[in-house]
Protein chains: 2
Amino acid sequence: MATIKDIAQAAGVSLATVSRVINDGPKVGKETRKRVKRIMEEMGYRPNANARALVTKRSASLGVVLAELHDPFFAMLAHGVETVTRKNNVQILLSAGSIEQDTERRAIEILLEHRVEAMVVHSKALDDQTLIDFAKQIPGFVLINRYIPEIANRCVWLDNVTGGRLMAEYAIGQGHKSLAVISSQYRIDDPNHRLQGIREAMKAAGIDLPESMIEYASPDQEGGELAMQNLLATGAKFTSVLAYNDAMASGAMTMLQDHGISVPDDVSVVGYDDVLLAKYCRPKLTTLRYPIEMMAAKAAELALKYASAIQPEEGLTFKYTPTIVKRDSLTRV
Amino acid sequence: MATIKDIAQAAGVSLATVSRVINDGPKVGKETRKRVKRIMEEMGYRPNANARALVTKRSASLGVVLAELHDPFFAMLAHGVETVTRKNNVQILLSAGSIEQDTERRAIEILLEHRVEAMVVHSKALDDQTLIDFAKQIPGFVLINRYIPEIANRCVWLDNVTGGRLMAEYAIGQGHKSLAVISSQYRIDDPNHRLQGIREAMKAAGIDLPESMIEYASPDQEGGELAMQNLLATGAKFTSVLAYNDAMASGAMTMLQDHGISVPDDVSVVGYDDVLLAKYCRPKLTTLRYPIEMMAAKAAELALKYASAIQPEEGLTFKYTPTIVKRDSLTRV
DNA sequence: TTGTACGCGTTATCAA
DNA sequence: TTGATAACGCGTACAA
């Protein structure tokens, strides 16, 4: 591949001049500029981003750490980031970290080695201190879906406690008095917070939530089916089910329907996340909107801003609150 | 950030020695190696991937060009690529190209500037010749979801003609004699090929397919609803509908149900792609499995292989054929 | 076993 | 308006 040197030679000028032409720098003769451009074209010249990054210490790339790409949720996240990187002419460097300490740390380190300017990180496995250390070390380091008080202005997160509360309050407001809950078996913050919110709302309404009405399973369609199966097996009575996410809600609905139980006429179901399938499944899912795409865009903007020497103000906070999306899977009782 | 020079100084050795330690090179004293490693650890040293790429002319990264990340289909594609890059310790550099000539070309050029070793490209807008030129220029250039005879061994693609034929043959085999078709309004190859396959199968069965039984709309849920609405409005009679993809099929089912028409009892529906929602929607969608994840993994493997000087044999071809996934949206009639 | 010195492709500083 | 030239951080012959 042709280098700047080849171009200079072919054009009969110096490296410096070519460099100026490439970067639209000033002080280049009109004629010279034209000629150099033509030759670059002819020789199919492409600037070497690596060499450039080396000398400028800026890589025009933003790193993204996430778990599984085929999860629609992460796809939305990536898309949110992409909308802002595109606007800023920045490339995305992906690093997958499958919710394990070692791989998550490694994912971050790899991005560091590539000297990405900024970084949007979705980490559930690493402990607070490790992330705080990274944040101190990397100006453009922003966490998404996680809140750590010490680095609050680097966190873009969803208030899951309020989210849980909203789910329960809505169901209760629609007359439901006996609720079941389907939660995730992974004891990370998210399910804990959502559950906490649900508990708060139910307590405020004077409704009991015995542990027997909570089922834990893997946070996907199969988990939802399994959890519902277990719930039904206990013979417990309930008029509505609050699920950890839409996939579980969908699984729960399937299992209910397989048992000849109508949704929402016999049992109502509420999801969480509002991913694509919430609109596609039947009945359409009443759920909580998790504005992940918007949040991811915000995170990317912040990361880029912080990276370009604009240091964060101390008091800032980027908390988002989910909102109820009323569709067809919950009915008044 | 500490450089190799800082480490050398701190450890009282030369650059070369440190470099050898980093790359697990031979001929380094056991003691020295240990000491250097300790100091690297202490100083938080991270090799600079850009500098390394510059001198080795290898970037340990694979570029991916695709349209929209939030489309589950592309999310699967990205995931397929990711499974093999992970195994090979290669990073993914993303470049989105939203099905427009200029952005697609630009996306490829950007990856080129980053000197990615290999490239998996999903391009629908660029013309054959442009892609052929890129392929000739870049050893690790592989196309996915597209077939160009001149560079057959760089193409990983799905046989959509056969796919269309399979859909129609299956419906016909189940006794359906009056079929409607919902196609995409974008006149790119994919819908054309699928339609062609459908026509072939119907012709072979001696069934007519008048143009009035084909509706064209945008290839998403809304498009599916709209197309079905139009179909119903014409008053035409049909016992089954073949859709361009699962999203359209899902939209069509919704619209049918809204009109009190039962699926599959009154009208059967067949999708294409077998994305997540095919399992989630009700009734579960009978559809064609598009093994995009496997294909993407294959493409990534090929790209990496070709990039590492192993040049493709001439005769090779990477054609995949979809298969029918029988679920609940089509019934015998 | 270790060190020296050059080159990778580019930008940026200083002269001319 | 242009041109030398010194970095940038690293790998690697070659020498010691």
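At a threshold of 4.0 Å, the pair R38(A)-E42(A) counts as salt-bridged, since one of the basic side-chain nitrogens sits closer than that to a carboxylate oxygen. Under a 4.0 Å N-O distance rule, the pair R106(B)/E109(B) qualifies as a salt bridge. Classification of E113(A) and R46(B) as a salt-bridged pair fails, no side-chain N sitting under 4.0 Å from a carboxylate O.
Close to dT10(C), at under 4.0 Å from its OP1 or OP2, lies no side-chain N or O of T56(A).
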- Message: Between V142(A) and V156(A), does the side-chain contact (heavy atoms from CB on, under 4.5 Å) criterion hold? Intermediate values first, please.
- Response: CA-CA 8 Å; V142(A) 170; V156(A) 175; 4.2 Å; yes

- Query: Given the rule in the side-chain contact (heavy atoms from CB on, under 4.5 Å) test, do D159(B) and Y147(B) qualify, once you have shown the distances and angles that lead to the verdict?
  - Reply: CA-CA 9 Å; D159(B) 183 353; Y147(B) 176 66; over 6 Å; no

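In this structure, E293(A) contributes its side chain and G80(A) its backbone to no donor-acceptor pair below 3.5 Å.
Counting to the nearest Å, the P atom of dA13(D) and the CG atom of L15(B) are 16 Å from each other.
Within residues 41-51 of chain B, no residue approaches DNA chain C, by heavy-atom distance under 4.0 Å.
Comparing dT1(C), dG11(D), dG3(D) by their closest approach to the side chain of T32(B) singles out dT1(C). Nearest nucleotide to the I4(A) side chain, out of dC8(D), dC10(D), dT10(C): dT10(C). Residue L54(B) places its side chain closer to dC8(C) than to any other of dG3(C), dC8(C), dG3(D). With distances taken from any side-chain atom of V28(A) to the nucleotides dA13(D), dT2(D), dC8(D), the minimum falls on dT2(D).
Of the residues D190(B), D189(B), D128(B), D127(B), the one that meets the salt bridge (Lys or Arg N to Asp or Glu O under 4.0 Å) test with R146(B) is D128(B).
Direction of the helix axis in the helix from dT1(C)-dA16(D) to dA16(C)-dT1(D) shifts by 40° between the two five-pair termini, rounded to 10°.
Using a 4.0 Å heavy-atom distance criterion, T3(A) is classed as a sugar-phosphate-only contact. Residue V55(B) is classed as a base contact, given a heavy-atom separation below 4.0 Å to a base.
Comparing I22(A) and G29(B) by the nucleotide of DNA chain C whose heavy atom lies nearest to each, the residue mapping closer to the 5' end is G29(B).
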